[in-house]
Protein chains: 2
Amino acid sequence: MSVPLYEAKAELFRLLGHPVRIRVLELLQDGPKPVRDLLAAIEVEPAGLSQHLAVLRRSELVTARRDGSTVVYALSGGDVAELLRAARHLLHAKLAGRHALLDELEAEAGSR
Amino acid sequence: MSVPLYEAKAELFRLLGHPVRIRVLELLQDGPKPVRDLLAAIEVEPAGLSQHLAVLRRSELVTARRDGSTVVYALSGGDVAELLRAARHLLHAKLAGRHALLDELEAEAGSR
DNA sequence: CGTGCAATTGCGAAATTGCGCAACTGCGTC
DNA sequence: GACGCAGTTGCGCAATTTCGCAATTGCACG
């Protein structure tokens, strides 16, 4: 393996580090979707979406199959969903912590 | 919170998308570590490491406390470790899939 | 075959990110 | 206070990423 493990991991995260790509993956969590649907759900023009889809395809996070004149994308493996779930967890924890901190400060200010 | 959820998630991933930062987080999984140790374990110069640590600090993924003349970093919450674990899972699955494919191709070539 | 729609690709401009170097802060020691 | 060590910050430059636009491919239909 010429590529250190931690570099592969970093690249994986870097690939996920874009709003459009995140939205695509989240939409695909509910099952395969044609590009048309993604395009309708995300605010981005066709060319832009295609570029991001290409990134996800190259990294094999999603698979694409042609069905007639449309192309249908799907997650390639449930691991992706699990990763997204972990990210959601972390964010929720962080936001909760922030709220708790705010409440604390308010309480302190109120009692003074 | 004026920031859409998926943007926060994308930013989280983007922050993790760098080899040095990944290594730092992985080293911190075994418990708090002074900068000196990180510096010894990772191939990067002090200034560079500091910059990456600053990124992690700003995003509150790690916490820093001064202990005498050294600074000790630690993960802020077990969620980070969980996220890293999920990433490891995904990578292992992907590599396993690739190996299986290679074996298949070799078997095919051998039988021909 | 030609036309139209879906999706992709190529490419240059613009924005972000990372890197190296110098300068700076905090702390302990003499 | 002056010095040295640990770690940080500021800043300009190089490299990477993203975006928008035009051109292209694949497919269905008249």
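Convention: sequence-line order gives letters A, B, ...; per-chain numbering from 1. Hydrogens, waters and symmetry mates play no part in the numbers below; they use all other heavy atoms, side chains included.
- The distance from atom CG of B/Leu15 to atom C1' of C/dG18 is 14 Å, rounded to the nearest whole Å.
- In this structure, of C/dT8, C/dA7, D/dT8, it is D/dT8 that holds the atom nearest to the side chain of B/Pro46.
- Checking the phosphate oxygens (OP1, OP2) of D/dT8, a side-chain nitrogen or oxygen of B/Tyr73 falls inside 4.0 Å.
- Within the 4.0 Å cut-off from OP1 or OP2 of D/dT9, at least one side-chain nitrogen or oxygen of B/Arg57 is found.
- Rounded to whole Å, the distance from CZ on A/Phe13 to P on C/dT17 is 18 Å.
- Between the CG atom in A/Leu56 and the CG atom in A/Leu16 there is a gap of 7.5 Å [rounded to 0.5 Å].
- In this structure, the helix from C/dC1-D/dG30 to C/dC30-D/dG1 shows an angle of 10° between the axis at its start and the axis at its end, each fitted on 5 base pairs and rounded to 10°.
- By the criterion of side-chain heavy atoms lying less than 4.5 angstrom apart, applied directly or through intervening Ile, Leu, Val, Met, Phe, Trp or Tyr residues, A/Leu5 is not grouped with A/Leu83; the two fall into different hydrophobic clusters.
- Here the side chain of B/Ser76 pairs a donor or acceptor atom with the backbone of B/Glu60 at under 3.5 angstrom.
- Rounded to whole Å, atom C1' of D/dC27 lies 16 Å from atom CZ of A/Arg65.
- A donor-acceptor pair is defined here as one N or O able to donate and one able to accept, closer than 3.5 Å; such a pair exists between the side chain of A/Ser59 and the backbone of A/Val55.
- We find that CG of A/Leu49 is positioned 16 Å from C1' of D/dC21, with the value rounded to whole Å.
- A/Leu53 comes within contact range of the sugar-phosphate backbone alone, with a heavy-atom separation under 4.0 Å but no base atom that close.
- Scored by the side chain to side chain contact (heavy atoms under 4.5 Å, CB included) test, A/Glu7 finds A/Val3, A/Pro4, B/Pro19 as partners (sequence neighbours excluded).
- For B/Lys94, there are no side chain to side chain donor-acceptor pair (under 3.5 Å) partners, not counting sequence neighbours.
- Using a 4.0 Å heavy-atom criterion, one finds that A/Thr70 contacts the sugar-phosphate atoms exclusively.
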What pairs of nitrogen or oxygen atoms, one from the protein and one from nucleotides 14-19 of chain D, lie under 3.5 Å apart?
from	atom 1	to	atom 2	distance (Å)
D/dT17	OP1	A/Arg14	NH1	2.5
D/dT18	OP1	A/Arg21	NH2	3.1
D/dC19	OP2	A/His18	NE2	3.4
D/dC19	OP2	A/His52	NE2	3.1

Could you run down nucleotides 23-30 of chain C 5' to 3' and tag each one B, S or - for protein heavy-atom contact under 4.0 Å? ----SS--

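- Among residues at least two apart or in separate chains, side-chain hydrogen bond (donor to acceptor under 3.5 Å, both in side chains) pairs with a member in residues 43-57 of chain A are A/Arg21-A/His52, A/Arg57-A/Tyr73.
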